[in-house]
Amino acid sequence: MSAMAYCYEYPHPALTTDIVVFQIEDRMLKVLLIKRGQDPHKGKWALPGGFVDIDEELDACAKRELEEETGISGMYLEQLYTFGAPQRDPRERIVSVAYFAVLRGTANARAASDAAQAKWFDLSRLPRLAFDHRTIVNMAHERLVAKLQYSTIALQFLAPKFSLGEIQIVYETILNDNLDKRNFRKGWLSKDCLEETAEVRKEGNHRPAKLYRAKQPAKVLFLK
């Protein structure tokens, strides 16, 4: 692709993407952060992300930056909101399109690119974050909580085969609340989004639990 010339008579903002990545480990909701290796806010924790290339789609930028800075890829990712307060970045006027991502199972992160370190933090124990990234995290969590009520996003945290008990753990972890087992299972079984696998799994001292799978595992569906 040949280089293009640009000439503007007025200032114009730069564009970035920032990504909030959630995973559930040991019944705790965790967020992936990177320690910034460069100014501004060098040495502070922040969300993975970076500048959009001139010929790059927004979704592609989010996926690229996430993989470059943390080594993690191939997860459910959804656009969250656009953050554009004039003073949100000390370098210049920078607008960020934020995303949130859901990791199936757990994964270790490895820092690369301009990230000095990558680490998972409990949502309830986040360090002080650079820029307006705490606001972005809070909004991502609110979106995740809301989507539990009307979609199958909880299944994106689980292996391809799962028990109803494991779905309930996802809900209770995200909501930080205990749910009635009978009503929860009855509710999920009434939705046309699961199918039995004819397999069972032993869970603690309880009798083996039936395993299910999503009818459309690659999609987040609206619940009826």
Side-chain angles (χ1 to χ4, degrees), residues 18-33 45 47-48 62 66 70 72 75-81 83 98-109 119-129 132-196 201 203-206 209-224:
D18 290 301
I19 309 96
V20 183
V21 186
F22 292 111
Q23 78 169 8
I24 292 177
E25 183 180 18
D26 298 328
R27 300 199 178 201
M28 291 184 289
L29 184 62
K30 297 194 173 184
V31 176
L32 180 60
L33 300 177
W45 292 99
L47 295 171
L66 182 59
T70 70
I72 293 177
M75 68 190 72
Y76 174 81
L77 187 145
E78 178 179 311
Q79 195 171 124
L80 174 66
Y81 192 76
F83 294 82
Y99 288 75
F100 78 94
V102 172
L103 183 65
R104 192 180 298 277
T106 60
N108 294 321
K119 183 179 177 181
W120 293 97
F121 287 85
D122 294 349
L123 178 64
S124 61
R125 299 178 181 178
L126 294 182
R128 187 172 182 178
L129 302 184
D132 55 355
H133 288 187
R134 184 57 193 253
T135 299
I136 298 176
V137 171
N138 290 344
M139 183 175 288
H141 182 234
E142 291 172 1
R143 174 75 63 84
L144 182 61
V145 168
K147 287 183 76 71
L148 286 180
Q149 311 308 316
Y150 62 82
S151 79
T152 60
I153 194 168
L155 304 184
Q156 298 298 319
F157 285 95
L158 300 173
K161 298 177 183 179
F162 46 81
S163 68
L164 294 176
E166 288 172 326
I167 304 177
Q168 184 168 343
I169 288 173
V170 171
Y171 271 73
E172 292 180 338
T173 300
I174 295 172
L175 299 174
N176 192 28
D177 194 12
N178 294 320
L179 304 176
D180 180 78
K181 179 178 178 180
R182 181 177 178 182
N183 288 335
F184 182 85
R185 297 185 179 213
K186 181 179 179 181
W188 265 90
L189 289 176
S190 69
K191 308 178 193 306
D192 187 29
C193 58
L194 303 180
E195 58 185 11
E196 292 188 25
R201 179 186 298 144
E203 296 182 343
N205 295 323
H206 304 286
K210 291 182 180 179
L211 296 186
Y212 297 80
R213 57 174 163 247
K215 289 187 176 180
Q216 299 186 54
K219 296 182 178 180
V220 172
L221 304 176
F222 290 105
L223 295 173
K224 297 180 181 180

**Report entry** Step-by-step side chain to side chain contact (heavy atoms under 4.5 Å, CB included) determination, Val220 to Gln156
**Finding:** CA-CA 8 Å; Val220 172; Gln156 298 298 319; 3.8 Å; yes

I want to check something: taking the side chain as every heavy atom from C-beta on, are [X] and [Y] in contact at a cut-off of under 4.5 Å?
X: Ile167; Y: Leu194; answer: yes
X: Val137; Y: Leu123; answer: yes
X: Thr152; Y: Gln216; answer: no
X: Met75; Y: Val102; answer: no
X: Phe100; Y: Ile19; answer: no
X: Val21; Y: Val31; answer: no
X: Leu103; Y: Phe157; answer: no
X: Asn138; Y: Arg134; answer: yes

Query raised in the report: Does the side chain to side chain contact (heavy atoms under 4.5 Å, CB included) test come out yes or no for Tyr99 and Val20, once each step is laid out?
Result: CA-CA 6 Å; Tyr99 288 75; Val20 183; over 6 Å; no

Query raised in the report: When you measure from the side chain of Asp180 to the backbone N and O of Asn183, does any donor-acceptor pair fall under 3.5 Å?
Result: yes

Requested in this report: Ignoring hydrogens and angles, tell me if any N or O in the side chain of Ser151 forms a donor-acceptor pair with the backbone of Leu148 under 3.5 Å.
Outcome: no

Drop me the distance from [X]'s [atom1] to [Y]'s [atom2], to the nearest 0.5 angstrom.
X: Ile153; Y: Leu221; atom1: CD1; atom2: CG; value: 11.5 Å
X: Leu29; Y: Thr173; atom1: CG; atom2: OG1; value: 7.5 Å
X: Thr70; Y: Asn108; atom1: OG1; atom2: CG; value: 11.5 Å
X: Leu175; Y: Leu144; atom1: CG; atom2: CG; value: 8.5 Å

Report task. Apply the test salt bridge (charged side-chain N to carboxylate O under 4.0 Å, His left out) to residues Glu78 and Lys147: give CA-CA distance (whole Å), side-chain angles for both, the deciding distance (0.1 Å), then the verdict. Result -> CA-CA 12 Å; Glu78 178 179 311; Lys147 287 183 76 71; 3.3 Å; yes

Query raised in the report: Which residues pass the side chain to side chain contact (heavy atoms under 4.5 Å, CB included) test with Lys181, sequence neighbours left out?
Result: Gln168, Arg185

Requested in this report: For Glu25, enumerate each residue passing the side chain to side chain contact (heavy atoms under 4.5 Å, CB included) test, keeping only those at least two apart in sequence or located in another chain.
Outcome: Gln23, Lys30, Thr106

Query raised in the report: Taking the six-membered ring for Trp, is the centroid-to-centroid distance between Phe121 and Trp45 below 6.0 Å?
Result: yes

Report task. Check whether the ring centres of Phe184 and Tyr171 lie less than 6.0 Å apart, and answer yes or no. Result -> yes

Query raised in the report: Are there more than 12 heavy atoms of other residues, nucleotides or ligands under 6.0 Å from atom CG of Asp122?
Result: yes

Report task. Look at atom NZ of Lys215 and say whether more than 12 heavy atoms of other residues, nucleotides or ligands are closer to it than 6.0 Å. Result -> yes

Minimum-distance pair of heavy atoms, taken over all atoms of [X] and [Y]:
X: Arg104; Y: Leu155; result: NH1-O, 3.2 Å
X: Ile136; Y: Ala98; result: CG2-CB, 3.7 Å
X: Leu47; Y: His133; result: N-ND1, 3.0 Å
X: Leu32; Y: Pro48; result: O-CD, 3.6 Å
X: Trp120; Y: Ala109; result: NE1-N, 4.2 Å
X: Ala214; Y: Phe162; result: N-CZ, 3.8 Å

Requested in this report: Could you check Leu223 against Gln149 for side chain to side chain contact (heavy atoms under 4.5 Å, CB included), going step by step and ending with a plain yes or no?
Outcome: CA-CA 8 Å; Leu223 295 173; Gln149 311 308 316; over 6 Å; no

**Report entry** salt bridge (Lys or Arg N to Asp or Glu O under 4.0 Å) contacts in which one or both residues fall within residues 156-173, not counting sequence neighbours
**Finding:** Lys161-Glu199, Glu166-Arg201

**Report entry** CA sep, side-chain torsions, deciding dist, call: Leu126, Leu33, side chain to side chain contact (heavy atoms under 4.5 Å, CB included)
**Finding:** CA-CA 9 Å; Leu126 294 182; Leu33 300 177; 4.3 Å; yes

